[in-house]
> 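The following block contains the structure, expressed as structure tokens.
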Amino acid sequence: MPDSNDPKGEAQPEGARPPQPPLRPRALPASAATPLVTPIFPSVVYRSVDADEMDAQYEGRLPGYTYSREGHVNATVLARRLAAMEGVPEAAGPGVVTGSGMGAVAAVLLGLLQAGDHVVASDQLYGRTLRLMARELPRLGIATSLVDATDAAAVAAAMRPETRMVLVEVVSNPTIRVADMPGIVAAARAAGAVLVVDNTFTTPFGYAPLAEGAQVVLHSVTKLLAGHSDAMLGWVGTDTPERAQAVREAAETWGFTGSPFDCWLAERGLASFPLRHARASANAAVLADRLAAEPSVEAVLYPGRPEHPDHNRVARVLGETHGTMLSFRMRGGRAEVNRFLRAAEALPFAPTLGDVATTLSHPASSSHRALDEAARAALGITEGFIRVSVGVEEPQAVGDALIGALREATA
Ligand code: PLP
């Protein structure tokens, strides 16, 4: 009880002090058996025994971590798993985990380019990556050219003596066009440019950038790899340790690295990625066929359909893996689209991809809203254009929900 005559307790005898927590111990409790699940290491900072030990760590003579923006256990565990999936050479290290997919894109650009350089990029990249090309890089004195990645001759024609990088996604969002990857690999090689592949849509199961001749692969881990829309992360893998170091230093210095908890969630999500990918891909094929048979659907964009505009290169680029994403154009305008989205309430209308649930997005009101109608039309994105990120649900149920909503909206 505080004494009202002695509120600070100064007169209290030493022995009567309330018990205090002990000073922080250095060692964790010992266990011969190790945890089955990777523990989460939320510590922002790591302690060293003395200055010599800290020197040794900074100089790479001792392994370990010092400050979590510059690396932590959960990032390394996740990076190693991703590097194994993407075939990153052992000598290049496990790559760099970033706090988002955009962090991965930004770390690559800032780590590998400088003022005066030129980048050739696909004109159908993820919207925010396009904004980096259009606004941020020119601000830093780096020129950019956007080209149609389904046309390797256009990619080759855009090269300049100062072109240092080519940046592409293998399957475009949301139009599901398949880039001419063999032609782009050859064009980048001939120009001596670093080829960077954002493999978010395709995943390591759909395309193997490093094995096919790219020097850098990156992901929004937020999407299919983590798979549950509850972790925001990116990752970059490179062919050489020098490139890895340049990207790592950019990420650490600009502050792009990811949190331990997100890495832990992504590691857990990754364990089921092969199963989720197989199920969602099978579901996508079923949905594409069901949509194609609907009179209210003008077109289905899915690499496994024979009428796909790039069908002749699908096998060469994607093999048998047609992916988990499809788009379609429904007949009608905004009124029909709104009716459809409301009727399809079992399928969340949410602008992301790669979740365990099937989600719908409407590019004209979200990712492509900054373009005017004519520019959208040039890409084939009409008001009735819907993108579907296919999930792992029971296929009949998800198909019935989609087709039922379309019929209700267009009746
Ligand atoms: N790259 C692609 C192909 C994407 O679709 C996205 C996001 O949708 C990103 C990068 C950015 O990822 P994040 O949202 O994790 O920053």
Side-chain angles (χ1 to χ4, degrees), residues 75 78-79 82 86 95-110 119 121-134 136 146 149 166-179 181 196-207 209 214 216-237 247 251 254-259 261-263 265-266 269-270 273 280 301 303 318 323-327 348-355 359-363 365-370 379 381 387-390:
L78 177 64
L82 295 170
E86 282 291 10
V96 183
V97 173
T98 55
S100 68
M102 286 313 299
V105 178
V108 167
L109 300 176
L110 291 167
V119 180
S122 161
D123 60 4
Q124 288 201 46
L125 294 170
Y126 172 62
R128 293 294 188 252
T129 311
L130 282 178
R131 192 194 275 185
L132 276 183
M133 295 294 134
E136 301 302 312
L146 300 180
V166 175
L167 171 60
V168 292
E169 293 169 19
V170 182
V171 173
S172 69
N173 175 21
T175 50
I176 320 288
R177 295 295 304 265
V178 179
M181 290 310 299
V196 179
V197 175
D198 179 338
N199 211 21
T200 301
F201 248 58
T202 16
T203 84
F205 286 1
Y207 188 71
V216 179
V217 53
L218 68 87
H219 280 276
S220 167
V221 178
T222 316
K223 310 297 176 194
L224 280 122
L225 297 175
H228 296 73
S229 303
D230 53 12
M232 175 73 75
L233 286 176
W235 172 80
V236 182
V247 174
W254 291 78
F256 296 148
T257 42
S259 90
F261 185 54
D262 286 65
C263 291
L265 280 173
L270 204 54
F273 169 71
L301 295 160
L318 301 176
T324 60
M325 302 296 298
L326 63 89
S327 294
F349 172 41
T352 188
L353 63 104
D355 190 66
T359 55
L360 305 175
S361 76
H362 179 241
S365 64
S366 57
S367 54
H368 289 65
R369 63 177 300 119
L379 294 173
I381 301 175
R387 190 192 73 181
V388 188
S389 167
V390 182

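Every number for a ligand or one of its atoms is a count from 1 in the order of the listing.
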> When you compare the side chain of Leu78 with that of Leu233, does any pair of heavy atoms fall below 4.5 Å?
yes
> Flag the pair Val217 / Trp235 as yes when at least one side-chain heavy-atom distance between them is below 4.5 Å, and no otherwise.
yes
> Taking side chain as C-beta onward, heavy atoms only, is Val105 less than 4.5 Å from Leu218?
yes
> Please tabulate protein-ligand N/O pairs under 3.5 Å for ligand 1, atom names and distances to 0.1 Å.
residue	atom	partner	partner atom	Å
ligand 1	1 (N)	Asp198	OD2	2.6
ligand 1	8 (O)	Lys223	NZ	3.4
ligand 1	12 (O)	Ser220	OG	3.0
ligand 1	15 (O)	Gly101	N	2.8
ligand 1	15 (O)	Ser220	OG	2.8
ligand 1	15 (O)	Thr222	OG1	2.7
ligand 1	16 (O)	Gly101	N	3.0
ligand 1	16 (O)	Met102	N	2.9

> Using the side-chain hydrogen bond (donor to acceptor under 3.5 Å, both in side chains) rule, collect all pairs that involve residues 217-226, keeping only residues at least two apart or in two chains.
Glu86-His219, Ser220-Thr222, Lys223-Thr352
> Centres of the Phe205 and Phe273 rings: under 6.0 Å?
yes
> Name the residue from Arg387, His368, Gln124 that meets the side-chain hydrogen bond (donor to acceptor under 3.5 Å, both in side chains) definition with Thr175.
Gln124
